[in-house]
Amino acid sequence: MKNKMIFGFHAVTSRLRHEASSVEEIFVDATRNDRRMQDLVAHAKSAGVRVMPVEAARLDKIVGTHRHQGVIAFAAQLSLARNLDELLDAVEGPPLLLILDGITDPHNLGACLRVADGAGAHAVIVPKDRAVGLNATAAKVASGAAESVPYITVTNLARTMRELKERGVWLIGTSDDADKGLYEADFTGPTALVMGSEGEGMRRLTRETCDLLVSIPMFGSVESLNVSVASGVCLYEARRQRIAKGA
Ligand SMILES: C[S@@+](CC[C@H](N)C(=O)[O-])C[C@H]1O[C@@H](n2cnc3c(N)ncnc32)[C@H](O)[C@@H]1O
């Protein structure tokens, strides 16, 4: 299985708690010896995970612009089913998820992943059936985002949506015929943005499972936007609101 990087205390601790055996190695800032770091190192060592103290500059170089808080783990990808739970546990602040209900064009899927990465969405969730998979074309169009954004395939999308609701995630569906405008909706809490397919939009059950439906105002003569463009507009509105609120 391919290794992935996990950084930050919350995410690394969560992985150690959920499946320590998947963690191959942890790099920690050698100059940090506070209680939080001591606890994490003790937890890792008791689980038999190798801990390597390194210079902070090395951590900076590994993660680029991300915040690592002095800790990076290298771990195997977990099975997809476990990922959503682990992911929600590990997210700091309110989660922002993108649900794609039955996108069939790999270019659109790739572009959605790319904009999800850009806007800092925590995961993209797709149904297993009746949707294009993450194939080579989608991965290429995603320009690296296929590796950086957790991509979660679920067998029953409506059930996953209900589970998200139980975890306090607000499901905001999008449709060009929704009465409420995008800019009237609050995206600052835990949110899953739900997008429909290219031709038909969201399926009936998906639509009915949403807490709220919003439309992006259209000022010209066409009725709707391409799904990846619409994803970008909505995700960046969510991000704008969170920045304004300091979330
Ligand atoms: C090409 S549109 C599908 C249009 C389809 N007629 C429908 O009923 O949604 C693909 C998806 O992009 C999103 N979308 C496109 N334009 C939108 C708009 N103006 N407002 C809200 N969502 C939009 C929706 O998620 C939609 O399901």
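Start at 1 and go down the list; that is how both ligands and their atoms are numbered. Both backbone and side-chain heavy atoms feed into the values below; hydrogens, waters and symmetry mates do not.
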So which heavy atom in the protein is nearest [atom], and how far is it from that ligand atom?
atom: atom 9 (O) of ligand 1; result: Gly201 CA, 3.5 Å
atom: atom 11 (C) of ligand 1; result: Gly196 O, 3.5 Å
atom: atom 14 (N) of ligand 1; result: Ala230 CB, 3.5 Å
atom: atom 6 (N) of ligand 1; result: Asp176 OD2, 3.7 Å
atom: atom 8 (O) of ligand 1; result: Glu200 O, 3.8 Å

I need the [X] [atom1] to [Y] [atom2] distance, nearest 0.5 Å.
X: Ile216; Y: Ser175; atom1: CD1; atom2: OG; answer: 10.0 Å
X: Leu205; Y: Leu157; atom1: CG; atom2: CG; answer: 8.5 Å
X: Asp101; Y: Glu200; atom1: CG; atom2: CD; answer: 11.0 Å

Below 4.0 angstrom from a heavy atom of [X], which ligand 1 atoms are there? Numbered from 1 as shown, please.
X: Val214; value: 21 (C)
X: Met195; value: 13 (C), 25 (O)
X: Val227; value: 10 (C), 11 (C), 12 (O)
X: Gly199; value: 5 (C), 6 (N)
X: Met218; value: 19 (N)
X: Ser175; value: 20 (N), 21 (C), 22 (N)

Joint cluster assignment, Val28 & Val54, ILVMFWY side-chain distance < 4.5 Å: no
Arg167 and Asp85 ion-paired at < 4.0 Å: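 Counted as a salt bridge, because a side-chain N and a carboxylate O are separated by less than 4.0 Å.
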Carboxylate-amine/guanidinium contact Lys245 Asp186, below 4.0 Å: no
Among Thr174, Ile216, Val194, which one puts a heavy atom closest to atom 18 (C) of ligand 1?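 It is Ile216 that holds the nearest heavy atom.
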Which atom of [X] lies closest to which atom of [Y], heavy atoms considered:
X: Thr174; Y: Gly196; answer: OG1-N, 4.5 Å
X: Cys210; Y: Val194; answer: SG-CG2, 3.9 Å
X: Val149; Y: Leu113; answer: CG2-O, 3.9 Å

Side chain or backbone, does Leu225 bring an N or O within less than 3.5 Å of an N or O on ligand 1?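 Yes; at least one N/O pair falls below 3.5 Å.
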Against ligand 1, does Ser197 come closer than 4.0 Å with any heavy atom? yes
Whether Cys234 lies under 4.0 Å from ligand 1, heavy atom: no
Does the side chain of Glu86 come within less than 4.5 Å of Arg15's, by heavy atoms?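 Sidechains of Glu86 and Arg15: in contact.
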